[in-house]
Amino acid sequence: MKKALIVWGGWDGHEPEQVAGIFAGLLREAKFDVEVSDTLDAFNDGEKLKGLDLIVPVWTMGDISKEQVANVSEAVQGGTGIAGCHGGMCDSFRNNVDWQFMTGGQWVAHPGNDGVEYLVEIKQSFSPLVEGIQDFKVVSEQYYLHVDPAVEVLATTRFPVVSGPHVLNKAVDMPVAWTKRWGYGRVYYNSLGHHADIVDMPQVKEMMRRGLLWAAEGKTLYGGGDLKLFSGEQGYTGMGDSQ
């Protein structure tokens, strides 16, 4: 039985407890052993995290210790997957660039705030993560993110839709859903999910279900490899300025 940890909290406006409940239901339907925690202390035990197949953060804003981020990062490097949505994963800890590097992006704006109608366009229709899912409209926040160019984009949305200082720039297709690797671990992110009812939309819920299960396969496929491939003899020092 695969093991997953869901950690929810932070800003209540994103309904983290309700969203965590949706994710827990999807994983239990898939026969996961699911632990749900409402404290970042769940990231304190690095060895426990390394024993998981999947970590699901549902935590918007807030502060996290460098030790907690290091524990999550090391677990994911070893093959544990990480998957999440909206501000619960890519607006979690604005002051921690380590977290942003691992997850693949960081929210910077949502022009028009909540209630904007926009189109989600499926880009990688050959991927099993979005196969059979058609383009769809959503009325919610439209996330503008700073995104790791290494991600594999699965869906996008076109900016601009509403007015703002960005509108005189050329139109851009902003990633909505993506995957990437962090060491041996799989990373999945979906920017949809301002409230639980958005996560519960059939298209969004199915995308998240597939993303959660995909991320959880990383340990089976890639785990057990030599982490020195990423860290060297002295440990990974590429983030030294953020420590």
- Task: Check step by step if side-chain contact (heavy atoms from CB on, under 4.5 Å) holds for Ile82 and Leu54.
- Result: CA-CA 6 Å; Ile82 187 167; Leu54 180 65; 5.7 Å; no

- Item | Verdict with reasoning, Trp182 to Phe101, per ring pair (Phe, Tyr, Trp, His ring centres under 6.0 Å) | CA-CA 9 Å; Trp182 188 250; Phe101 193 10; 5.0 Å; yes

- Query: Does the side chain of Leu192 come within less than 4.5 Å of Val176's, by heavy atoms?
  - Reply: yes

[X] side chain vs [Y] backbone, donor-acceptor pair below 3.5 Å:
X	Y	result
Arg210	Glu131	yes
Thr103	Trp99	yes
Asn96	Phe93	no

Rounded distance (nearest 0.5 Å) linking atom [atom1] of [X] with atom [atom2] of [Y]:
X	Y	atom1	atom2	answer
Tyr118	Phe159	OH	CZ	7.5 Å
Lys123	Leu154	NZ	CG	12.0 Å
Phe136	Ile122	CZ	CD1	5.5 Å

Quick check on [X]: does its [atom1] atom have over 12 non-hydrogen neighbours (other residues, nucleotides or ligands) under 6.0 Å away?
X	atom1	value
His146	NE2	no
Asp135	CG	yes
Lys3	NZ	no
Tyr144	OH	no

Name the atoms and distances for all side-chain donor-acceptor pairs under 3.5 Å in residues 32-43, with sequence neighbours left out.
{"from": "Glu35", "atom 1": "OE1", "to": "Lys48", "atom 2": "NZ", "distance (Å)": "2.9"}
{"from": "Glu35", "atom 1": "OE2", "to": "Lys48", "atom 2": "NZ", "distance (Å)": "3.3"}
{"from": "Ser37", "atom 1": "OG", "to": "Thr39", "atom 2": "N", "distance (Å)": "3.3"}
{"from": "Ser37", "atom 1": "OG", "to": "Thr39", "atom 2": "O", "distance (Å)": "3.3"}
{"from": "Thr39", "atom 1": "OG1", "to": "Asp41", "atom 2": "N", "distance (Å)": "3.0"}
{"from": "Asp41", "atom 1": "OD1", "to": "Asn44", "atom 2": "ND2", "distance (Å)": "3.4"}

- Task: Please check if any side-chain donor atom of Asn113 sits under 3.5 Å from a side-chain acceptor atom of Glu141, or the reverse.
- Result: no

- Cut-off 3.5 Å, side chains only: do Glu121 and Thr156 have a donor facing an acceptor? no

- Task: State which residues pass ring-ring contact (aromatic ring centres under 6.0 Å, His included) with Trp214; sequence neighbours excluded, sorted by chain then number.
- Result: none

- Could you go through the side-chain contact (heavy atoms from CB on, under 4.5 Å) check for Val7 and Val58 one step at a time? CA-CA 6 Å; Val7 180; Val58 190; over 6 Å; no

- Message: Is the terminal nitrogen or CZ of Arg186 (NZ for Lys, CZ for Arg) located under 6.0 angstrom from the six-membered ring centre of Tyr222 and within 45° of that ring's axis?
- Response: no

- Message: With a 4.0 Å cut-off on N to O distance, would you call Asp53 and Lys219 a salt bridge?
- Response: no

- Do His14 and His195 have ring centroids that are under 6.0 Å from one another? no

- Is the centre of the Trp8 ring less than 6.0 Å from the centre of the Phe23 ring? no

- Verify same cluster id: Val153, Val130 (apolar side-chain graph, 4.5 Å): no

- Heavy atoms only: give me the nearest Ala83-Gly211 pair and the separation to one decimal. CB-O, 4.2 Å

- Message: Can you tell me how the ring of Trp107 sits relative to the ring of Tyr143, calling it parallel under 30°, perpendicular over 60° and tilted otherwise?
- Response: tilted

